[in-house]
Amino acid sequence: MRHLFASLLLGLAAFSLGGATALQQGAGSQWTSPGGDAGKTHHSRLTQITAENAGQLGLAWAADLGTTRGQEATPVVIDGVLYTSGTTGRAYAFDAATGKELWRFEPEVDMQVNRTVCCDMVNRGLAVARGKVYVAALDGWMYALDAKTGGVVWKADFIEDRRRGDNSTGAPEIAGDVVVVGMSGAEYDVRGYVTALDLETGKLRWRWHVVPHDPKLGPQETPELEAALKTWDPNSRWDIGGGGSPWDAINFDPETGLVLVGTGNGGPYATSKRSPSGGDNLYLASLVALDPKTGRMKWHYQETPGDNWDFTATQPMIFTRMDIDGQNRPVVLHAPKNGYLYILDRCDGKLLRANPIVRTNWAKGIDPATGRPILDPEAADYTTGPKIVFPATTGARNWHPASYDPATGLYIGAVLDMGNLIFMTPGAKPFKARGLNNDAALIFTPDVKEALAAFPPEFGDAVRKLPAYQEALRQPATAQVRAIDPLTGKTVWAADTAGWQDRGGVLTTASGLTIYGGVTGKLFVRETATGKLLKEIDTGTAIMAAPMTYAVNGVQYIAVMAGWGGGGYPFVPRYSAAYRRENTNRLLVFRIGGAPVPKPDLRAPLEVAPEPPAQAAGVTAQTIVRGQSLFFSNCAICHANQPRSITPDLRRMQPATHDAFRQIVRAGLLVPNGMPRWDDLLSVDDTDAIHAYLIDLQATTRKDELAKQKAGKPLDGPSLTILSNY
Ligand code: CA
């Protein structure tokens, strides 16, 4: 405690020497980290672009990023150079005023890693310090690049155990003389951790594990893990790893000198499968504060004790100061997946507020005295039968950055109010190394009736008896950008997005503007105080990432990364720009008096699925059913089999693909394209069964599409129910 107090005093001293402006009032002409300022408020002090002139916003310059996947990073601008990151950890540098490309860097990535990438081969940003650009590649190598040339100064492997499903999608964070980075993969077989590397050499300085290891293997790495062990069953599924991967928010706090980390969900999902006797399973789904010098934990606050629902606490954090209960306090604002918006004191993790921002039925509220949720197992424990749980595992909030506007005190971000159907998948589940080990199925229910139509009647009957079923019928899903009073959780204004898969990051400015994109391809400018729409620009490319703003030579610019992808990326909704147009990844930069945005090419018209080969001898209806089951437990997370998916629609395989099917699945023929090899998990028989299922599906699809063609109807039908595990 004394130690914490001392570091606090040191932190506050630094604060009074100059950290205050950046932390409390947002970024200025520079935007020094993906969050903009030290508080990661995604708020700018710039005021040149206003409600009066926003109507004249147009394109200043654009850059083709050379990829076609999801773009989630917020660029950084330092000394007139714009740095940004993209697919698998590519990095780019541009002259921020002219758009002239200074360099681009593509890491050499072993694409076998893609087998444990739940939510697209994305990257959420880079860090710039001491003349170097730090970017973490998808396969868990940190690259320190020369900021002037993009040349590799050093690279360091930060994966602890490459036999597991660890990968990396988050932005590194600078904390003193270390760069801190998390990892992803809690859906697979990981034991989560954050790693700190020396800024100059890349040498490992410390590693902090989110969850304990099997106690049979000896003492835990730290006293805080020994304490955490008491909250796990001694016979937990240590083989699966426990999860907890901190895949997004890691914020260094210059006021306290601490690094705050948001930790991930439990693995496997169901608490009773992971830790049979229950327990809080620390430090899953928590905010933890670490000392960046030692890597030791100072405090923790668990938002979802014993996480049962993929309720990660990895979502972005915002640091600011607020007057609460008559005291001006350093606070962190945090809205994780679980549906609450928390305000904690950054010094000690004390809970100050916790208000629901969407419908929640897993908890009836948060007890302010204990800080613990009041659970409702009858409504939300799906291990006793299928349940519709609010909010859905997509999260009330997810990685899309929110912004805090200090003038109005509003927290503005994309909010999804929706439930999902969760149930245990039947049958024994052998452990799958570098495979999905969730044991639970998730079905999103924007249309709960349609979702149930795919199931046997008795299953549907059980679901229809749930009060949450009526609730899902009454109000299926609300997806909005909302301005929320963080002290009460109340929405001040809200703007609907195009649908539940349409969420984006948000920027606010001191001139009273709120700016965000949509997967429809539109960029919106609204008045922060009221939500009034001031301008929209149709770019033709889906926007999920947060816009940012900077100024060079007296001109203010707004920049945003564009490209469809992320969680659920194979399921492209009709309203996504990627449904109609090529998903050309672009960096788009706007200014007052700019030009119209040129749009990517329209996608080629659909053609009827080609004739599949005949089934192999010996294939029976049973083979096809077995293949379908294997397909859903291994392949469906990436292959939606929808005509506009950005992964191949396997109902449209050409003869050469059918011929090479075994080599593609088992021998890694297409690993460089991101299709991993599966020979350790799928036998020749399994592979052939999956192939039989796909041949059957292709034949049915072809028949349906020929009929549609004959009737003059469009070939793309309604989008399918989404079954996923992310
Ligand atoms: Ca997850």
Side-chain angles (χ1 to χ4, degrees), residues 70 72 113-122 124 138 164-170 182-194 210-211 237 240-250 261-271 273-274 281 283-287 302-316 334-339 362 380 382 389 391-400 416 418-422 424-425 432 434-444 501 503 565-571 633 636-638 722-726:
E72 299 188 354
V113 72
N114 210 23
R115 197 165 92 185
T116 59
V117 175
C118 69
C119 304
D120 200 358
M121 39 180 98
V122 297
R124 287 183 210 87
L138 189 68
R164 291 184 173 274
D166 308 27
N167 62 81
S168 169
T169 57
M183 39 73 75
S184 323
E187 271 58 42
Y188 299 88
D189 58 338
V190 309
R191 178 186 177 214
Y193 52 89
V194 290
V210 176
V211 299
R237 286 298 300 271
I240 294 177
S245 42
W247 52 262
D248 192 10
I250 300 178
V261 177
T263 69
N265 58 274
Y269 285 156
T271 320
K273 293 283 174 184
R274 185 172 66 240
N281 291 187
Y283 299 95
L284 294 176
S286 302
L287 295 187
Q302 191 174 40
E303 292 172 332
T304 311
D307 167 45
N308 202 25
W309 306 277
D310 187 18
F311 282 160
T312 63
T314 53
Q315 283 60 42
H334 193 236
K337 277 187 173 183
N338 77 11
W362 68 278
Y382 55 88
V389 179
T393 48
T394 45
R397 294 254 320 124
N398 210 310
W399 63 266
H400 320 80
L416 174 59
M418 182 176 83
N420 65 343
L421 176 61
I422 313 184
M424 299 305 292
T425 48
K432 293 195 283 187
R434 304 186 92 192
L436 281 167
N437 285 288
N438 283 332
D439 232 4
L442 316 174
I443 295 183
F444 305 119
Q501 288 170 277
R503 294 195 271 183
Y569 67 97
F571 301 88
S633 55
I637 195 162
C638 297
I722 291 188
L723 174 85
S724 188
N725 269 309
Y726 68 83

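We count ligands from 1, going down the list as the structure has it; atoms in each ligand are counted the same way.
A donor and an acceptor atom, one from each side chain of His400 and Glu72, are nowhere located under 3.5 Å apart.
Atom-to-atom distance recorded for Thr393:OG1 and Asn338:CG is 13.0 Å, nearest 0.5 angstrom.
Distances from the Ca ion (ligand 1) to each N, O or S atom of Glu187 single out OE2 as the nearest. Shortest distance from the Ca ion (ligand 1) to Asp310 is reached at OD1 (N/O/S atoms only).
Listed for the Arg191 side chain is a donor-acceptor partner under 3.5 Å among the backbone atoms of Val211.
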Side chain to side chain contact (heavy atoms under 4.5 Å, CB included) assessment of Tyr188 paired with Arg115: CA-CA 9 Å; Tyr188 299 88; Arg115 197 165 92 185; 6.0 Å; no
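Among the atoms of Asn265, an N, O or S atom falls under 3.0 Å of the Ca ion (ligand 1).
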